[in-house]
**Student:** 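One structure coming up, written as structure tokens, with questions to follow.
As the structure lists them, so they are numbered: ligands from 1, and atoms in each ligand from 1. Keep in mind the model is a prediction, meaning the values are calculated, not measured.
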Amino acid sequence: MLGNFTYCNPTKLYFGKDALDGLNKELPKYGKNVLLVYGGGSIKKNGIYDKVVAILKANGKEIFEDAGVMPNPTVQKLYEGIERARKAKADLILAVGGGSVCDYAKAVSVSVNCEEDPWEKYYIRFEEPACETLPVGCVLTMVGTGSEMNGGSVITNREAKLKIGHVFADEKIFPRFSVLDPEFTYTLPKYQMVAGFYDIMSHIMEQYFSGEDDSMSDYIMEGLIRSLVHSSRVAVKNPTDYEARSNIMWTATWALNTLVAKGKDTDWEVHMLGQAVGALTDATHGMTLAAVSLPYYRHIMPYGLAKFKRFAENVWDVSPDGKTDEQVAEEGLRAMEGWMKELGLVMNISDLGANEGMLDDLVNATLVMTGGYKVLTKEEIGQIFKESL
Ligand code: NZQ
Ligand code: ZN
């Protein structure tokens, strides 16, 4: 562990079957006006909306609704949310949903008192808020992004054909509290559930495949992946297996709550490739990552061979006996590919609506990161997208 860092994570978590009771402890800390933010209506069908509203009313809150946050929330919707938060004179934003709803709530939080255009300020110039922000709380209904315990907020600008994430450094943008009840995720369609599983995998890999020093975080990440692979195999057969779903929910939080990134450069190029696909196709986040991952990792493997070999041995139990390092590393990726297919992930971007005619736009929408084993050229990015088609 050679890096220097500061670590602080202020989000309070309530986890388990009674987690929603935590709202009764948290709500009294904030003023009367609550902006209740949610998505396209799943929470009304599965009863979570009614439970949350009952607790808000019991705590004497005035509820202002901001519904219809779409997966991959757009900047247009953000502008609407800012107006709603202003009219409500909101004291707290309560996000009830998946990563999209939590991300969007953070974007509203940093924009409501901001005079500048939030897209330009936060998503193009990556500035930190200079204005008063609103506290955000989350009730999580979809597992994967880690948004429940981090400062990340991803917004899509369809006109500009860009999907960009800002990871706010300021801890006051992290949710003040998050409610994590694994049973709230049972109603997720299988497609969303497994996309979330792969999102978790990708978050861990983005941080693992970076750096060459002996980092304690790498050992934690190997454990997180082993738990994820085990529990995902159980959950895909039996989605209401509480033990598996709760392990996965907890893994997702730890995969991206900033802990395992400390002291590491971290890569994030798979997310840049995936976000470009998302910007052009509006496809489900986890699936965009699944569809570009193997071509990317096979491309960079020669530059980080020792780590890929370690991944194969420590995560996938590949035996190195009598094999070259390349063979061991490739066997590890093949084991991962087998697991991905078992889950039923989308393995090609053409299955997500991308086509050869989009290649230039995809390359232009991909930010180049410098923390992984190879800084990609535009040509290499184009090649990886071609191989992902
Ligand atoms: O909108 P509703 O009707 O609620 O339906 C949602 C949505 O259609 C549905 N859903 C959620 N919980 C459900 C449910 N359906 C039935 N039962 C439930 N319990 O699932 C669909 C997807 O929801 P969404 O919130 O979009 O999924 P996810 O949690 O994967 O969030 C994706 C967004 O998060 C960003 C992604 O880029 C994407 O925009 N990310 C945020 C990160 C962060 N904050 O750190 C990091 C990630 O890498 C990611 O980029
Ligand atoms: Zn992700």
**Student:** Is Arg158 paired with Asp282 through a side-chain N to carboxylate O contact shorter than 4.0 Å?
**Tutor:** yes
**Student:** If you count the atoms of ligand 1 from 1 in the order shown, which ones are under 4.0 Å from a heavy atom of Asp103?
**Tutor:** 34 (O), 35 (C), 40 (N), 41 (C), 42 (C), 43 (C), 44 (N)
**Student:** As a test of reading the structure, name the N/O/S atom of His203 that is nearest the Zn ion (ligand 2).
**Tutor:** NE2
**Student:** Heavy-atom contacts with Phe184 under 4.0 Å: which atoms of ligand 1 show up? List them by number with element.
**Tutor:** 19 (N)
**Student:** What N/O/S atom of Asp199 gets nearest to the Zn ion (ligand 2)?
**Tutor:** OD1
**Student:** Could you measure the distance from the CD1 atom of Ile63 to the NZ atom of Lys32? Nearest 0.5 Å is fine.
**Tutor:** 10.0 Å
**Student:** With heavy-atom distances below 4.0 Å as the criterion, list the atoms of ligand 1 near Gly152.
**Tutor:** 44 (N), 45 (O)
**Student:** Using the side chain to side chain contact (heavy atoms under 4.5 Å, CB included) rule, take Tyr219 and Asp214 through it: C-alpha gap first, then chi angles, then the decisive distance, then the call.
**Tutor:** CA-CA 9 Å; Tyr219 298 83; Asp214 182 42; 2.8 Å; yes
**Student:** Just going by heavy-atom distances, which of Asn150, Val96, Asp199 is nearest to atom 45 (O) of ligand 1?
**Tutor:** Asn150
**Student:** Give yes if a backbone or side-chain nitrogen or oxygen of Gly41 is under 3.5 Å from a nitrogen or oxygen of ligand 1, and no if not.
**Tutor:** yes
**Student:** Give a yes or no answer on whether the side chain of Arg245 reaches the backbone of Glu183 with a donor-acceptor pair at less than 3.5 Å.
**Tutor:** no
**Student:** Would you say Ile43 contacts ligand 1, with heavy atoms under 4.0 Å as the rule?
**Tutor:** no
**Student:** What do we get for Asn46 next to ligand 1 when only non-hydrogen atoms under 4.0 Å count, side chain, backbone, both or neither?
**Tutor:** side chain
**Student:** Please list, in number order, the atoms of ligand 1 under 4.0 Å from a heavy atom of Gln192.
**Tutor:** 20 (O), 21 (C), 22 (C)
**Student:** To the nearest 0.1 Å, how far is atom 31 (O) of ligand 1 from its closest protein heavy atom, and which atom is that?
**Tutor:** Ser100 N, 3.2 Å
**Student:** Any N/O of Pro71 closer than 3.5 Å to an N/O of ligand 1?
**Tutor:** no
**Student:** One pair to check against side chain to side chain contact (heavy atoms under 4.5 Å, CB included): Met358 and Phe385. What are the steps and the verdict?
**Tutor:** CA-CA 10 Å; Met358 290 180 185; Phe385 279 129; over 6 Å; no
**Student:** In this structure, is the centre-to-centre distance between the rings of Tyr38 and Tyr49 below 6.0 Å?
**Tutor:** yes
**Student:** Lys163 near ligand 1, heavy-atom distance under 4.0 Å?
**Tutor:** yes
**Student:** Number the atoms of ligand 1 from 1 as they appear, then name those within less than 4.0 Å of a heavy atom of Gly39, with their elements.
**Tutor:** 1 (O)
**Student:** Centroid separation under 6.0 Å, is that true for the rings of Phe174 and Phe168?
**Tutor:** no
**Student:** Between Phe209 and Phe308, is the gap from one ring center to the other below 6.0 Å?
**Tutor:** yes
**Student:** Output the list of atoms in ligand 1 that are nearer than 4.0 Å to some heavy atom of Leu256, sorted by atom number.
**Tutor:** 45 (O), 46 (C)
**Student:** Would Gly99 count as a polar contact of ligand 1, with the cut-off being nitrogen or oxygen pairs under 3.5 Å?
**Tutor:** yes
**Student:** For a side chain to side chain contact (heavy atoms under 4.5 Å, CB included) check, start with the C-alpha distance between Trp119 and Leu162, then their side-chain angles and the critical distance, and finish with the verdict.
**Tutor:** CA-CA 11 Å; Trp119 173 256; Leu162 290 172; 4.1 Å; yes
**Student:** If the plane angle is over 60° it's perpendicular, under 30° parallel, otherwise tilted; pick one for Tyr123 and His166.
**Tutor:** perpendicular
**Student:** For N/O/S atoms only: which one belongs to His285 and is nearest the Zn ion (ligand 2)?
**Tutor:** NE2
**Student:** Please assess Phe197 against Val143 for the test side chain to side chain contact (heavy atoms under 4.5 Å, CB included), listing each intermediate value before the final yes or no.
**Tutor:** CA-CA 8 Å; Phe197 294 173; Val143 165; 5.6 Å; no
